[in-house]
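Below: the structure, in structure tokens.
Both counts, for ligands and for their atoms, begin at 1 and track the order of listing.
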Amino acid sequence: MSSPAGARAHWSSRWAFILVTAGSAIGLGNIWKFPYMTGTNGGSAFVLVYLACIVGIGVPLLMAETMLGRRGQGNPVDAMRSVAAEAGAARLWQVVGVIGIVGAALILSFYSVVAGWILDYTVLAVQGFGGMDKEDLAATFAALLADPWRLIGWHTAFMLLNLVVVIGGVTGGIERANKILMPALFAIVLLLLGYGIAAADMPAAVRFMFHFEPQAISAPVILAAMGHAFFTLSLGMGAIMTYGSYLERGTSIARTCLYITVADTGIALLAGLSIFAIVFAQGLEPAAGPGLILQTLPLAFAHMPLGNVVGVLFFVLVAFAAWTSGISLIEPATAFLVERFGIGRKPAVAVVCFVAWSIGIAVALSFNLWSEIKLFGLNIFDLLDTLTTKMLMPLAGLLIALFAGWVMKRAHAAEEIGLHGGAFRLWYGTVRYVSPVAIALIFLNVIGVIG
Ligand code: TRP
């Protein structure tokens, strides 16, 4: 153990951990990314594989990553070093933490730009969407993407919001911000669902998302769905490991992780249904891409009673959800800098945010001035998304599964995760066999070695 238990900050209660971890998990991934990925990947085929990945890979790895963090009592790099030392394994396992810290900074860079869109739309919602039709909304979104200063301004604003909270510290800042906002977000998503049922085409949305269509499953759909399962649960990037390291001994990891997953998956599915109900009622294109929610939901706000108020509330709450996720992308590298190099929390946060902010500038420009800059056919935004979601996260996840299932002593894993009998064997068997084999097969398939 790198430091005695109790020497580090801890969450004030089990509920605090559930709240902040759910706050990390629930974010743009649920409200912005899940619907548009479902739309561009054929609907139900994507949803089916995504749900399978949540159950077979996501939940077991969420537990494993939390467990490694609590056992290791440190930032991702030092936590991995400490659990590897305890297992008599190579120090090289620290690379899991390094991949996480680098990956989290890369995610933050584009996450912040997209969160900036949400901030921009919050202001637009204050002005109201009344009288706008789908062409107007398409033009509104295109105008935002074409304006580097607007994108960079909001990106900067979002980064500063995150900086302030993370400087406030783990329990002071991060915990407090989550307590009210997550339940409020849930309430407004339910409201939108109600609108979808009452005034839009919910049966079409249900059919699109849940119609059983296994023949539509292809290798790219599977990789996209697995990557998204990682993204939405904040897996593999050290965020969960860091939050787990602040978790008190004696809290049941298995149960808390189940709550978090149910909340995360529930919000994504509800958001998806609400959005597609509007998409089909208005004859919009489900495969519209990253602008999907910004081109659909304002139509609902333009038409529903009190739509102005609901619209503003919605964008504010999504911005908050993104905020509580952004925080968790900064904390791993911050903890690393503070604990490894002994620098103060403030300069550490400043360094992390500055790096992510700088890369984010390139992301913002990739929608306009630099849209022609491409690598492997992808612009900077798509490249960072693909690199992190489809490569770094599954890679780190694979290593975490292998470590928890094969390297760590079984008795230590059992003791730390707090499961017994059949429940333990189910988790252990999944982490040892199902998750790593599934991740490896998906990788190989995509690389084209098989299939
Ligand atoms: N899970 C968040 C979302 O869905 C994004 C996120 C926050 C994240 N922290 C992470 C993704 C760590 C990967 C790793 O919006």
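Close approach to M393 involves these atoms of ligand 1, each under 4.0 Å from a residue heavy atom: 13 (C). Ligand 1 places these atoms under 4.0 Å from at least one heavy atom of A25: 1 (N), 2 (C), 3 (C), 4 (O). Ligand-side atoms of ligand 1 in range of N30: 4 (O), range being under 4.0 angstrom from any heavy atom. Each of the atoms 7 (C), 9 (N) of ligand 1 lies under 4.0 Å from some heavy atom of S328. Taking every non-hydrogen atom of T232 and a distance limit under 4.0 Å, the qualifying atoms of ligand 1 come out as 1 (N), 4 (O). In summary, the atoms of ligand 1 found under 4.0 Å from a heavy atom of L28, numbered by their order in the structure, are 15 (O).
Ring centroid separation for the pair Y121 and W117 does not come in under the 6.0 Å cut-off. Checked against the 6.0 Å centroid criterion, the rings of W323 and Y111 do not qualify as a close aromatic pair.
Taking any N or O of L233, backbone or side chain, none lies under 3.5 Å from an N or O belonging to ligand 1.
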Evaluation steps, side-chain hydrogen bond (donor to acceptor under 3.5 Å, both in side chains), between T386 and D382: CA-CA 6 Å; T386 303; D382 291 328; over 6 Å; no
When you look at R70 and E248, which way does the salt bridge (charged side-chain N to carboxylate O under 4.0 Å, His left out) test go after all the steps? CA-CA 8 Å; R70 185 166 72 180; E248 292 289 348; over 6 Å; no
Could you walk me through whether L190 and F186 pass the side-chain contact (heavy atoms from CB on, under 4.5 Å) check? CA-CA 6 Å; L190 281 185; F186 189 66; 3.9 Å; yes
Give the intermediate values and the outcome of side-chain contact (heavy atoms from CB on, under 4.5 Å) for residues I167 and V164. CA-CA 5 Å; I167 281 179; V164 170; over 6 Å; no
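Using a 4.0 Å cut-off between heavy atoms, I240 makes no contact with ligand 1 at all. Under 4.0 Å from ligand 1, heavy atoms of S325 appear from its side chain as well as its backbone. Counting heavy atoms under 4.0 Å from ligand 1, residue Y111 touches it through the side chain alone.
At the shortest separation from atom 6 (C) of ligand 1 among protein heavy atoms lies S234 OG, 3.5 Å. At the shortest separation from atom 1 (N) of ligand 1 among protein heavy atoms lies F231 O, 2.8 Å. Scanning the protein heavy atoms around atom 2 (C) of ligand 1, the nearest turns out to be S24 O, 3.1 Å. Among all protein heavy atoms, the one lying closest to atom 12 (C) of ligand 1 is L329 CD2, 3.4 Å.
For the pair Y243 and S234, the minimum side-chain heavy-atom distance is 4.5 Å or more. The shortest side-chain heavy-atom distance between R345 and V166 falls under the 4.5 Å cut-off.
The closest side-chain donor-acceptor pair between N30 and D264 falls under 3.5 angstrom.
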